[in-house]
Amino acid sequence: QVQLVESGGGLVQAGVSLRLSCAASGRTFSSYAMGWFRQAPGKEREFVAVINWSGGSTYYTDSVKGRFTISRDNAKNTVYLQMNSLKPEDTAVYYCAARLGSYSGNYYLESKYGYWGQGTQVTVSS
């Protein structure tokens, strides 16, 4: 069992940076690949980024490549999402998610993640 708690969201202006954190409970954090998803108002939840258990493999959705960086600290049971050059279209509730084991080509599928946080709101004004 893994419990996830996100933090770090807020209201910011376009162009600035935010770092989201997701703290996980349990002693097996390093057994999980960790992902970030987001849901904008009126839209379906979408994949943002994923990182494997060691941090050696990451994937991003095209719209955030070069601006967002996912990382993890297994000693602190925490995964991060560094968001730079934020745009109004990044406005969404951001969710952290965990999936046991490794991932392959299905890293973007919500159904493959068994644990979810409650979400943190990120609002980017123009």
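With sequence neighbours excluded, the residues that form a side-chain hydrogen bond (donor to acceptor under 3.5 Å, both in side chains) with T123 are Q121. Looking at residues two or more places apart in sequence or on another chain, you find no salt bridge (Lys or Arg N to Asp or Glu O under 4.0 Å) involving E89. Residues that satisfy the side-chain hydrogen bond (donor to acceptor under 3.5 Å, both in side chains) test with K65, not counting sequence neighbours, are D62. For S17, the side-chain hydrogen bond (donor to acceptor under 3.5 Å, both in side chains) test picks out N84, with sequence neighbours left out.
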Go through the steps for Q1 and Y115 under the test side chain to side chain contact (heavy atoms under 4.5 Å, CB included), then give the verdict. CA-CA 8 Å; Q1 291 285 345; Y115 304 96; 3.5 Å; yes
Please determine whether side chain to side chain contact (heavy atoms under 4.5 Å, CB included) holds for the pair M83 and V122, giving the CA-CA distance in whole Å, both sets of side-chain angles, and the decisive distance to 0.1 Å. CA-CA 10 Å; M83 307 186 294; V122 173; 3.9 Å; yes
Any chance you could lay out the side chain to side chain contact (heavy atoms under 4.5 Å, CB included) test for C96 and W36, step after step, and finish with the verdict? CA-CA 5 Å; C96 161; W36 286 97; 3.9 Å; yes
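In this structure, L4 is not a member of the same hydrophobic cluster as V93, with clusters built from ILVMFWY side-chain heavy atoms closer than 4.5 Å. Under the 4.5 Å side-chain heavy-atom criterion for Ile, Leu, Val, Met, Phe, Trp and Tyr, V64 and V16 are members of the same hydrophobic cluster. Under a hydrophobic clustering in which Ile, Leu, Val, Met, Phe, Trp and Tyr are joined whenever their side-chain heavy atoms come within less than 4.5 Å, directly or via other members, L86 and L20 fall into the same cluster.
Here the rule is side chain to side chain contact (heavy atoms under 4.5 Å, CB included) with M34, and of V50, V2, L81, I51 only I51 fits it. Each of R45, R99, R38 was evaluated against E110; a single residue qualifies, R45, per the salt bridge (charged side-chain N to carboxylate O under 4.0 Å, His left out) test.
Note that OG of S126 and NZ of K87 are 13.5 Å apart. Values are rounded to the nearest 0.5 Å. Distance OG/S102 to CG/N52: 8.5 Å, rounded to 0.5 Å.
Between N74 and S30, the shortest heavy-atom distance links the atoms ND2-CB, 3.7 Å.
Looking only at distances, no side-chain donor or acceptor of E6 sits under 3.5 Å from a matching main-chain atom of C22.
Applying the ring-ring contact (aromatic ring centres under 6.0 Å, His included) test to every pair with at least one member in residues 42-78, sequence neighbours left out, gives these pairs: F37-F47, F47-Y107, Y59-Y103, Y59-Y107. Sequence neighbours left out, not one pair with a member in residues 74-102 passes ring-ring contact (aromatic ring centres under 6.0 Å, His included).
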